[in-house]
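Worksheet: one structure, shown below.
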Protein chains: 2
Amino acid sequence: MAAVRTIELLQQTSLTTLVQRDIERRILSGDLAPGSKLVEADIAAALGVSRAPVREAFRALGQAGLLRTEKNRGVFVRQVSLEEANEIYEVRAALEGMIGRLAARRIRPEQLEKIRAVVKKMHVVSRSLDAAAYFPLNVEFHELLAQASGNRALIANYRRVVNELDLCRRETLARNAENIPLSTRDHEAIVNAVAKGDEKLAERLLHEHVIESRERLHRALAKPARAA
Amino acid sequence: MAAVRTIELLQQTSLTTLVQRDIERRILSGDLAPGSKLVEADIAAALGVSRAPVREAFRALGQAGLLRTEKNRGVFVRQVSLEEANEIYEVRAALEGMIGRLAARRIRPEQLEKIRAVVKKMHVVSRSLDAAAYFPLNVEFHELLAQASGNRALIANYRRVVNELDLCRRETLARNAENIPLSTRDHEAIVNAVAKGDEKLAERLLHEHVIESRERLHRALAKPARAA
DNA sequence: TTTTGGTATATTGTCGACAATCTACAAGCA
DNA sequence: TGCTTGTAGATTGTCGACAATATACCAAAA
């Protein structure tokens, strides 16, 4: 049965897809900083492919909001201004509230269990204030919750919005590590509301959680970057 | 000053962009039916360009949710199942509610005036039950409202969701022309709420309006297609 | 008749080449 | 010195060609 997976993989995986995933990963990991210019030939050479798949990947990532294309000048990792980030956070709050409501309505036991496991890990990490370890757990928590909503259109839109925010959000946690324990407490309250099936509460808590994130971003950007 | 516009146009317009816009238009107008296969060489020949720009446009439209790509088999206009349409409508309702709230808060007089003009036109058309004439007005009404929200991220997400729904929504109005007067009444109530700056009411009315649209879709699909 | 196998054709995936455009820098002029 | 102009190099935009894959068709066997 693993063979079926392999076949599907080969059927779906073109060079373009591979390149696209690689660039997306590098952007979201912060490896490619916002504003950086991406040179087609360089990326093509680095990955050992021609420019065509790279250009196609650029088009997809442009539509996804991760890249900005200027004709005859090149493509750049998108820079999200503070003002834009505010607007995106507002959208995310609405989507996340919806996720809370739907997840509370139809989360399945095994999904709940997985989320609780993540929260438990966060609890451990939160004591060390290790932002680098906390960040992926935070992403996973929200991702699992989104999946529990059971609405594919919602999940897709949520992911896109989160990706855009990741363009500037990475800074936040590193600069405000002291917020981690607060955030962890939020997550526990959210899981409990979802577990109880309290749609209204889950919706409100998640909405507020996002708005708090937005305020954390503001405070982080007001601060100077921490010394390296 | 017109020259500046022309220069900007040339700076931003690549063949890929042109092809992308053309295909998108043909999909949304119903010219290319959901499920249709798009052959690269055919489109390239029809537009007098090579396959490269067509392929890039495909990638972008795939990411936008209008096309589905199967490796080595081709690209197809996305088919939205009834179940998926339900989920998308649910997301749209949330976004549209947010649009109502924000528009009520910060719509500007000239924007309100434009929307009232559209509603007036709808009122005229609605007597003739002419779905073909009503459809674009309906799209414009919601588009103007979205713009009045002043949140660019919200506008972008809204447009994407509406585009996806247009893949199946076109059927609805044509088959249920008798709903046009009801829909027109909705629109007037919405404009009044926005004009009064009643955020809660505008949010609720728009949310309900979308949910009603969803139910209209269900009734339309239960009906047989009208005779041609 | 149905199914299997193979071949021809059509279509997509990838590549390298060339043209168009931009950028950086140096030479010339005020 | 400071500004303009022109040239060289680098980068992107577009194209046509070839390879890889899928599809349609036909023949042969069960």
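Since we're looking at a predicted model, the values are computed, not measured. Worth knowing before you read on, the calculation uses all heavy atoms, side chains too, and leaves out hydrogens, waters and symmetry mates. Naming: A, B, ... by sequence-line order, numbering from 1 per chain.
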**Message:** Distance check needed: D/dC15 C1' versus B/Ile43 CD1, whole Å only.
**Reply:**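 Atom CD1 in B/Ile43 sits about 18 Å away from atom C1' in D/dC15.
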
**Asked** Which residues pass the side-chain contact (heavy atoms from CB on, under 4.5 Å) test with B/Ala85, sequence neighbours left out?
**Response**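 Partners of B/Ala85 by the side-chain contact (heavy atoms from CB on, under 4.5 Å) criterion, ordered by chain and then number, come out as B/Val80, B/Cys168, B/Leu217.
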
**Request:** List in chain and number order the residues that pass side-chain contact (heavy atoms from CB on, under 4.5 Å) with A/Arg106, two or more places apart in sequence or in another chain; answer none if no residue qualifies.
**Result:**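 For A/Arg106, the residues satisfying side-chain contact (heavy atoms from CB on, under 4.5 Å) (neighbours in sequence not counted) are A/Leu102, A/Asn151, B/Glu90.
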
**Prompt:** Which pairs pass salt bridge (charged side-chain N to carboxylate O under 4.0 Å, His left out) with one or both residues in residues 146-158 of chain B, sequence neighbours excluded?
**Reply:**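 Those involving residues 146-158 of chain B are A/Glu83-B/Arg152, A/Glu87-B/Arg152.
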
**Contacts of A/Asp42 that satisfy side chain to side chain donor-acceptor pair (under 3.5 Å) - sequence neighbours left out** =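 Side chain to side chain donor-acceptor pair (under 3.5 Å) list for A/Asp42, sorted by chain: empty.
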
**Request:** Can you sort out the partners of A/Ser183 under side chain to side chain donor-acceptor pair (under 3.5 Å), two or more places apart, ordered by chain and number?
**Result:**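 A/Ser183 satisfies side chain to side chain donor-acceptor pair (under 3.5 Å) with A/Tyr134 only.
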
I'd like a list of close polar pairs between nucleotides 11-13 of chain C and the protein, N/O only, cut-off under 3.5 Å.
from: C/dT12; atom 1: OP1; to: B/Leu38; atom 2: O; distance (Å): 3.4
from: C/dT12; atom 1: OP2; to: B/Glu40; atom 2: N; distance (Å): 3.3
from: C/dT12; atom 1: O3'; to: B/Asn72; atom 2: N; distance (Å): 3.4
from: C/dG13; atom 1: OP1; to: B/Asn72; atom 2: N; distance (Å): 3.2
from: C/dG13; atom 1: OP2; to: B/Arg55; atom 2: NH1; distance (Å): 2.6
from: C/dG13; atom 1: OP2; to: B/Arg55; atom 2: NH2; distance (Å): 3.2
from: C/dG13; atom 1: N7; to: B/Arg51; atom 2: NH2; distance (Å): 2.9
from: C/dG13; atom 1: O6; to: B/Arg51; atom 2: NH1; distance (Å): 3.0

